[in-house]
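Naming: A, B, ... by sequence-line order, numbering from 1 per chain.
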Amino acid sequence: MLKQTYLLGLKIFTTEKAEVLRTEPKIIKPLCRIEEPSVLQRSSVVNNDEKTKETPLYFSLLLLTIISFSALWSFNSFASDEVNVYSYRQPFLVKPLFEQFTQQTAIKVNVIFAKKGMAERLAREGKYSPADVLLTTDISRLIELQDKKLLQAFESAIIKKAVPSQYRAQNEQWFALTTRVRNIYSAKRLGDIELDYLDLADEKYRGRICTRSGKHPYNVALVAAIISEYGESKTLAWLKKFKANLARKPQGNDRSQVQAIHQNLCDISLGNSYYFGKMLKDDKQKVWAEGVNINFPNQANRGAHVNISGMALAKYAPNKANAQKLMEFLVSKPAQQLYAEINMEYPVRTDVKPSALVASWGNFKADTLPLETIAKHRKTALKLLDKAQFDL
Amino acid sequence: MLISALTSTSDLFLHLWQSVLPHYLLNTVLLAVYVVSLTLVFGVISAGLIVHTNIMGKKILRWLLILPLAMPAYIVAYLYTDLFDYAGPVQRALRSMFNWQSPQDYWFFDIRSLFGAACVISLVLFPYVYLLTRTAFEQQNQNLLRAGRLLGLSPKQNFIKLILPLARPALGISASLVLMETLADFATVQYFAVNTLTTAIYDTWLGYGDLPSANALASVLMLFIFAVVFVEQKARAAQSQQKSMINNQQQVIILSAGQQFSASCCCWFLAIAGFLLPFSLLLVMVFEYSTSAQFFSLLDSALNSLELALYVATIAVLIALVLVLFQRLSRDISKNLPIQISSFGYAIPGTVLAMAMLATFGPVDHSINDIAIYLQLPEPGLILSGTIFALAIALVTRFAAIANGAVSSGMKQIPANLDLAPASLGVNLKTSLAKVHLPLLKSSILGAWLLVFVETMKELPAVLLLRPFNFETLSTQVYQLISDEMLEQGALGAILIVLFGLFPIIWLNSSNAKTDKTTHTSSIANAFSSKKRPQRN
């Protein structure tokens, strides 16, 4: 019976004008009539083989459930000698360090990297979050984590000793691993000049300045630092003039601004210190970097704006002991040296020298403004950037 | 999400409204208008030329024009900004050729502008319009067109007065699809330094740390999309069309040599700009920079990508099957509702969707763990939100529209008689579904599966945020390198993504060519159409 029905259906679909209805009227006619002879499924029916008939929905559903659950468990089975890292830093920057750590301690490092929504994910995961250690760039992100109560304080004599107190949280919830200066790059064709951040608003550079989006955390932190120094209204005026000096709408990243200087699109740009070193080491970007000088702003007064990349212990870290080991490893001398060499950042330890290349840019005076103050002004900075319509 | 939107703080809104929001809104509307009109123009012209004229290289162009679908928009965006930027090779060559020194010496269009963004996005998205319109054109009743000609319409008038209005459902559906895709996009417009409403969503959420306001903005965005789609649907609902399946000979307009040349230039331009050029740029990068070590390091990610795409495509298709069967068999008035609701996920930006997933599965995970602790079992950890599970569900939600559409259009092509015939022969429902409907749906199911598979391979933001530890996919790897201005290193990964997408698309198209015109392509085409098609049952 079943087979009969099936073959009938098959016949209907394989026959263009549904002759079958006329030839087998006894079965079909009393019940229904096909109004629109359809040729649609011809091929699929003809191609149809035994296999599809024998594997119905349920079977594949069952199979899928089994597969997916086994997959879930395997994803979730963490051995005890592991440490889980949520990282804002890109894996290829930190991978060599983690590899060395694993070599030394036999503790496996698991990483997730994302720039957006990491704090949100952590908050949603709550007390069952697998995260042990958080690795971030930019002070505001650390403070955000702290304010959302996603961190825990930890005691470590090693870290206390290694990291200067300026780069540690008062409540011991986070600390810096490296520092980076927000430099001003100027075209070599301008000669040796000294530039302060306020000079970016100077009218003589009209149409000659390039920068990445004002809302990028690095720029927001700079604006926040300026707010804490000069107050809101003066900062807004500065931002508006700065905006008027731009050669083009804020776009790209710090490197592409140097490229624009190389192409004579502008003369001055903002950029983090380490990009200079990285560009000099890149075959394609070397020529860009060679066309600019790196300036350390505000040397005559407060000092250059410094931001950090930092680290913190998650509130519900399941592998706390391993996390502590990783944190202590990353402030150790060899790791700091490795950091300095690979990423061209300034090591946070005063007894570890920056890489030879970075050191060749000379010593500089850093702004001693507490990092917390910068983070405090972050939202105001964002609002001022909106008000100045900096990115539009 | 809506609830938190309604209770959001108005302070920040006020600030945004007074500073940047009007500008963002304007940009959003302009972007949407530009992209939709450009894709319509590109899609309709190419489809018209392919179907209705004897254009040169018709066979190749026919499928070449679909290929931009396989290109992830963020990669094309990167390639084009790089190419046409002031520092890019094109402008550099021009400068050295004419000895220009600075941007003041000449005019060149600014790729990092609203219009530049719209052009590039349109080049990637127009195949949706092309595909649907082409199918619609091919299925049009040729007698109607002959009648038009007999009544004295010129071919041009025929096209404007008959062919286009008849293809309106396809146009409306593809346009709304393009609209959703455009508005949900963030990464691409960011390359072009264009701020849209999506920028505002991310700013309020990540910058100001104000999730409720971000939700409110996201809801505004979605309302905007729904409004447009709804108006379009209403306008179309008044019309009713008879679908004729009479297979008749296509009438082709014979073009003069000159016309033919310009027509095929037109199509080739689209094919080159949308696919061949970016693809060959990637190939060049691969040959210059890639090493075999890179390939092996990508192997892991490629497997992850495949695994994820496999799960997502399978789950999406199974859910679509259930929903479609429900729609088919239910006598309820609300039978269309589940399928329609499940299709709206396509308009939600990936990151927003990811947050929604965490909000949904977080509490479930917590209670699972609480129960486990209570029963003194070992804690399972975050088995839902912390694993590939949440990611897969997020992607299923996002691409359900595609799967639902493809499967339900397949189902609609099965006449109701086939529900009745087995029943009249005393076969129970279960068997008749398994033995009659499923086999008949096979090609639509396959089409749906492949489309979701391709889309999953390309998807980035949700994957970035929801993935478990040490879980890299091709798209996340490529993204990390792109975001550091090193696409050269990621070119191999990008090529792999494109190739994985390419094979299913070519396969779909070639099997379509073999099996008359109404099986595979139309199932893709209808994939998108049925979700917005006014239901007339």
Side-chain angles (χ1 to χ4, degrees), chain A residues 1-2 4-6 8-9 28 31-32 34 36 38-41 43-45 48 52-53 56-57 61 64 68 71-72 75-76 84 90-91 110-114 116-117 120-121 124-126 128-130 144 215 249-251 253 255-256 259-260 263-265 379 382-383 386-387 389 391-392, chain B residues 15 19-20 23 86-87 102-103 112 193 195 203 206-209 245 311 314 318 351 354-355 358-359 362 365-366 369 380-383 385-389 413 415 417-418 420-422 424-427 431 434-436 438-440 442-443 464-465 467-470 480 484-485 515 518-519:
Chain A
M1 189 66 131
L2 233 158
Q4 211 180 342
T5 325
Y6 181 72
L8 183 69
I28 289 289
L31 283 161
C32 61
I34 291 181
E36 195 180 69
S38 176
V39 291
L40 303 183
Q41 303 293 339
S43 63
S44 55
V45 172
N48 197 8
T52 14
K53 277 189 279 170
L57 195 64
L61 255 176
L64 186 88
S68 46
L72 290 187
F75 267 114
N76 212 47
N84 301 325
Q90 296 179 328
N110 300 309
V111 194
I112 308 180
F113 153 80
K116 293 187 177 99
E120 205 66 47
R121 174 167 177 175
R124 297 277 184 198
E125 287 173 344
Y128 297 112
S129 170
E144 185 193 0
K215 295 213 185 130
K249 204 156 74 163
Q251 56 186 261
N253 56 23
R255 294 184 204 221
S256 38
Q259 186 191 19
Q263 297 288 338
N264 200 11
L265 195 66
K379 279 188 187 172
L382 270 173
K383 280 195 177 172
D386 271 347
K387 272 191 191 152
Q389 306 206 318
D391 273 359
L392 301 184
Chain B
H15 157 71
S19 50
V20 284
H23 192 97
Y86 181 79
S102 72
R112 299 215 192 219
N195 296 295
D203 269 2
L206 300 168
Y208 293 109
M245 283 298 156
Y311 288 149
T314 314
L318 288 178
T351 312
M355 289 326 308
L358 287 178
D365 270 336
H366 279 223
N369 279 287
L382 301 171
I383 53 164
S385 64
T387 59
I388 193 174
F389 176 84
Q413 289 169 355
N417 317 44
L418 275 227
L420 303 174
S424 71
L425 296 171
V427 179
T431 341
K435 301 260 169 178
V436 179
L438 273 189
L440 289 176
K442 194 177 141 196
S443 70
L464 213 49
L465 190 54
R467 64 206 161 121
F469 283 110
N470 310 329
Q480 280 158 29
D484 218 39
E485 297 270 299
T515 60
T518 35
T519 46

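Of the two parts of Lys249(A), only the side chain, counted from C-beta on, holds a non-hydrogen atom closer than 4.5 Å to a non-hydrogen atom of chain B. With a threshold of 4.5 angstrom between heavy atoms, Lys383(A) approaches chain B through its backbone and through its side chain. Interface residue His23(B): only side-chain heavy atoms are found under 4.5 Å from chain A.
The heavy-atom pair separating Glu125(A) from His366(B) by the smallest distance is O-NE2, 2.6 Å. The shortest heavy-atom contact between Ala193(B) and Gln251(A) is CB-CB, 3.7 Å.
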**Q.** Step-by-step side-chain contact (heavy atoms from CB on, under 4.5 Å) determination, Tyr128(A) to Asp365(B)
**A.** CA-CA 8 Å; Tyr128(A) 297 112; Asp365(B) 270 336; over 6 Å; no
Q) Could you walk me through whether Gln259(A) and Leu265(A) pass the side-chain contact (heavy atoms from CB on, under 4.5 Å) check? A) CA-CA 9 Å; Gln259(A) 186 191 19; Leu265(A) 195 66; over 6 Å; no
